[in-house]
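Quick note: numbers below take in every heavy atom, side chains included, and nothing from hydrogens, waters or symmetry partners. Keep in mind that this is a model prediction, so the values were computed, not measured.
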Amino acid sequence: MEPISKENPVSGANALIRALLEEGVDTVFGYPGGTILPVYDALYDWQDQLRHILVRHEQGATHAAEGYARATGKVGVVIVTSGPGAANVITGLSDAMMDSTPLVVITGQVGAQYLGSDAFQETDVIGITQPITKWSIQVRKPEEINDAVARAFFIARSGRPGPVVIDISKDAQTGMVTTPFKPINFIRSYNPTPHPDEEKIRAAAAIINEAERPMILAGQGVAISGAEELLREFAEKTQIPVASTLLGLSVMPSDHPLYKGMLGMHGNIGPNVATNRADVLIGIGMRFDDRVTGDASKYAPDAKIIHIDIDAMEFDKVVASTIAVHGDAAETLGKLLPLVESHERRDEWMSLFDRCDASEREAVLEPELGRKGDAPMTIGEVAAAISRAAGHEAIAVTDVGQNQMMSARYFRFKSPRSFISSGGLGTMGFGLPAAIGAKIGRPDRTVVCMMGDGGFQMTMQELGTIMQYGVGTKMVILNNNFLGNVRQWQQLFFHRRFSQTPMINPDFMEISHAYGIPSCQVTERAQLEPAIRRMLDHDGPFLMEVAIDPTDMVFPMVPPGSPVSHLMLNPDTVFEP
């Protein structure tokens, strides 16, 4: 690639493609249109170096880029046109912002001379996206493209990752660029990687060393910083039990003796009860979301809280911290590790988790996983069976709803970056395109997408993307002919008034057949294991539909407005520690 210079000028569109390659981008997701056509024309000459995945809807592009980013740790890249194309990425940008996913979304824009005139397919992209991105910029001149790309990637991937938008006018794409691309690693007034305060680390270590009932709350920040091994070493040295947030799943192996399960509304009994019994909570790379805390006024009443996070805006936002350590999880744990004392197994404290596990096994797991014969199938038993058949090595990508919570509860994980879901925004339709991106990013791993019949139909057009590129994603539709999670709330809290939650669904087998994707339908329990094996053994995409008990509900459940230690085990029983 001959460098750009005054003697070798290139178009702004060509400079953009070169800049993406300089940033190490190998895959982009997108959809062409009028104002971005110069970029797509330039892309034509670089197809051997930059793979473009043509999605079927721009929202699908953003979710696919999210799945790619979450599975690989790289920045996901999206290219779309102006107006409706740009507006269609809003949901994905919001999702990525909430879940700290690094994206660079490039939108076309009308010519600079037409801005503000309500020109055809003009939308105020910057005005719309500023509240839901880390940074957004409009490029009106070709010579601004290189700097915008360099800044965008630095901002998207550094500190707490997130989405960035570059809105490029059409004339900037067609004008000429005479200066080469230069990556950057510094922006004045932007400090994305603060070094943790040594005094606060020593104070945190002193509290941890004196703790009798400590617990670690591990969030996705552990994975983002690559701190999984440090977390394990820290937990083993101190013998402190670890619980994870929804997006923190897989930062610690599920079978590790110190791993005690998931926190929150549909989390495990042990971590939730222990939260309100602990004398020290150590939150690492998590933000004390309301689904984790329940009623914040009754959260961890006896605990000193050590909060470690790279984003200072998260401190004291929901829960007041005793010590807030502003820093990267890996760097902070690395400095904290030599200061904490080795500890013997905390038998008395661990016995609380054992008692809670026994209660959960009897009241929840056995009813969910122990059905036999002609009894209707449950989501939990399907998720557990798939995880087991895949050797607990699959990347589980979920949609949102009961399928999400049951997958979080019943999949098991051996490797990091093995659970991908829409956490903060809770976006139905996320699962299928995100699984496409995850499989493209990690072709070496089995990717299983767990979806409800409702969420699947929000983005099922992306079966066309799977068909075109042969993406080997394994898709599971858990069909209960209901919007299951909403139905559960209606049954528990709205007097069984099932308003607009029953669904009449199409023939999913016919739809799969139309896209040339092999599929099977499971209506009886005896069919389940062979169908799973067939799906996993198939070399390429495969869709499995499973008929699910429409009355199946996700338990335990912390009712809204309740403390996390108040857990429903079924519609009629509340856990008594």
Side-chain angles (χ1 to χ4, degrees), residues 62-63 65-74 76 92-103 159-163 216-228 231 242-254 259-268 271-272 282-293 307-311 314 317-318 328-330 383 394-401 403-413 415-428 430-431 434-435 437-438 441-442 447-450 554 564:
T62 53
H63 294 328
E66 286 183 276
Y68 176 91
R70 297 264 290 275
T72 64
K74 300 177 182 178
L93 288 171
S94 301
D95 196 276
M97 189 67 174
M98 291 284 279
D99 287 351
S100 306
T101 305
L103 297 185
R160 180 178 179 176
I216 295 168
L217 317 180
Q220 188 187 200
V222 174
I224 291 170
S225 67
E228 294 94 342
L231 172 67
V242 179
S244 78
T245 64
L246 177 70
L247 296 190
L249 289 170
S250 81
V251 298
M252 200 163 184
S254 302
Y259 180 70
K260 298 303 177 183
M262 185 174 70
L263 297 156
M265 178 173 281
H266 291 296
N268 297 102
N272 281 325
I282 308 163
I284 307 173
M286 50 87 69
R287 57 190 179 87
F288 291 99
D289 175 77
D290 61 285
R291 287 296 173 101
V292 165
T293 65
H307 192 179
I308 299 168
D309 205 282
I310 201 163
D311 185 357
E314 294 299 340
K317 188 166 75 175
V318 178
D328 173 74
I395 296 177
V397 182
T398 82
D399 208 78
V400 167
N403 67 88
Q404 175 188 38
M405 293 297 108
M406 289 294 201
S407 297
R409 286 183 51 78
Y410 294 109
F411 264 83
R412 296 292 177 262
F413 307 103
S415 306
R417 293 189 178 274
S418 293
F419 183 79
I420 299 172
S421 191
S422 172
L425 197 63
T427 305
M428 289 181 67
F430 172 89
R442 291 300 307 268
V447 175
V448 179
C449 182
M450 304 290 284
V554 188
V564 290

Open item on the list: Looking at Arg291, I'd like to know if its CZ atom is crowded, meaning that more than 12 non-hydrogen atoms belonging to other residues, nucleotides or ligands lie closer than 6.0 Å.
Closed with: no
TODO: Could I get the full list of side chain to side chain donor-acceptor pair (under 3.5 Å) partners for Asp95, not counting sequence neighbours?
DONE: Ser422, Thr427
- [ ] List the steps, then state whether side-chain contact (heavy atoms from CB on, under 4.5 Å) holds for Asp290 with Val318.
- [x] CA-CA 8 Å; Asp290 61 285; Val318 178; 5.9 Å; no
Task: Nearest-0.5 Å distance that lies between atom CG in Asp99 and atom CD in Glu66 - done: 7.0 Å
Task: Val397 and Met450, any side-chain heavy atoms less than 4.5 Å apart - done: no
- [ ] Give a yes or no on whether the backbone of Arg70 and the side-chain of Arg417 come within a donor-acceptor separation of less than 3.5 Å.
- [x] yes
Task: Heavy-atom side-chain contact between Lys74 and Tyr68 under 4.5 Å - done: yes
Open item on the list: Just so I know, are the side chains of Met252 and Phe413 near enough to count as touching, which here means a heavy-atom distance under 4.5 Å?
Closed with: no
TODO: Identify which one of Arg287, Met265, Met286 satisfies the side-chain contact (heavy atoms from CB on, under 4.5 Å) criterion when paired with Val292.
DONE: Met286
Open item on the list: Quick check for you: to the nearest 0.5 Å, what is the distance between Thr293 atom OG1 and Leu217 atom CG?
Closed with: 11.0 Å
Open item on the list: Going by the rule side chain to side chain donor-acceptor pair (under 3.5 Å), which residues pair with Ser244 if we only count those two or more places apart in sequence or in a different chain?
Closed with: Tyr259
Open item on the list: How long is the straight-line distance from CG of Leu93 back to CE of Met98, given to the nearest 0.5 Å?
Closed with: 13.5 Å
- [ ] First locate atom NE2 of His266, then atom CG of Asn272, and finally report the distance between them rounded to the nearest 0.5 Å.
- [x] 11.0 Å
Open item on the list: Applying side chain to side chain donor-acceptor pair (under 3.5 Å), can you list everything that pairs with Ser415, at least two apart in sequence or on another chain?
Closed with: Glu393
Open item on the list: Quick check: closest heavy atoms across Ile284 and Ala329, and the distance to 0.1 Å?
Closed with: CG2-CB, 3.9 Å
Task: Heavy-atom side-chain proximity of Arg442 to Thr72 below 4.5 angstrom - done: yes
Task: Side chain proximity check, Gln404 to Asp399, heavy atoms < 4.5 angstrom - done: no
Open item on the list: Quick one, Arg409 and Val554 - any side-chain contact, counting heavy atoms below 4.5 Å?
Closed with: yes
Open item on the list: Ignoring hydrogens, what is the shortest heavy-atom contact between Ser225 and Val222? Give both atom names and the distance.
Closed with: OG-O, 3.2 Å
- [ ] Could you tell me which residues satisfy side chain to side chain donor-acceptor pair (under 3.5 Å) with Thr398, sequence neighbours excluded, listed by chain and number?
- [x] Ser421
TODO: To the nearest 0.5 angstrom, please state how far the CG atom of Asn403 sits from the CE atom of Met428.
DONE: 8.0 Å
Task: Partners passing side-chain contact (heavy atoms from CB on, under 4.5 Å) against Ser94 (at least two apart in sequence or in another chain) - done: Ile90, Ile132, Leu425
Task: Check: Phe419 and Ile395 side chains under 4.5 Å, non-hydrogen atoms - done: no
Open item on the list: Taking the side chain as everything from C-beta on, heavy atoms only, tell me whether Ile224 gets closer than 4.5 Å to Pro161.
Closed with: yes
Task: Worked check of side-chain contact (heavy atoms from CB on, under 4.5 Å) between Phe411 and Leu249 - done: CA-CA 10 Å; Phe411 264 83; Leu249 289 170; over 6 Å; no
Open item on the list: Applying side-chain contact (heavy atoms from CB on, under 4.5 Å) to Met262 and Thr245, what does each step give before you reach the verdict?
Closed with: CA-CA 6 Å; Met262 185 174 70; Thr245 64; over 6 Å; no
TODO: Grab the two heavy atoms, one from Leu263 and one from Pro271, that are nearest each other, plus how far apart they are.
DONE: CD2-CB, 3.8 Å
- [ ] Quick one: list whatever passes salt bridge (Lys or Arg N to Asp or Glu O under 4.0 Å) with Arg160, sequence neighbours left out.
- [x] Asp311, Glu314
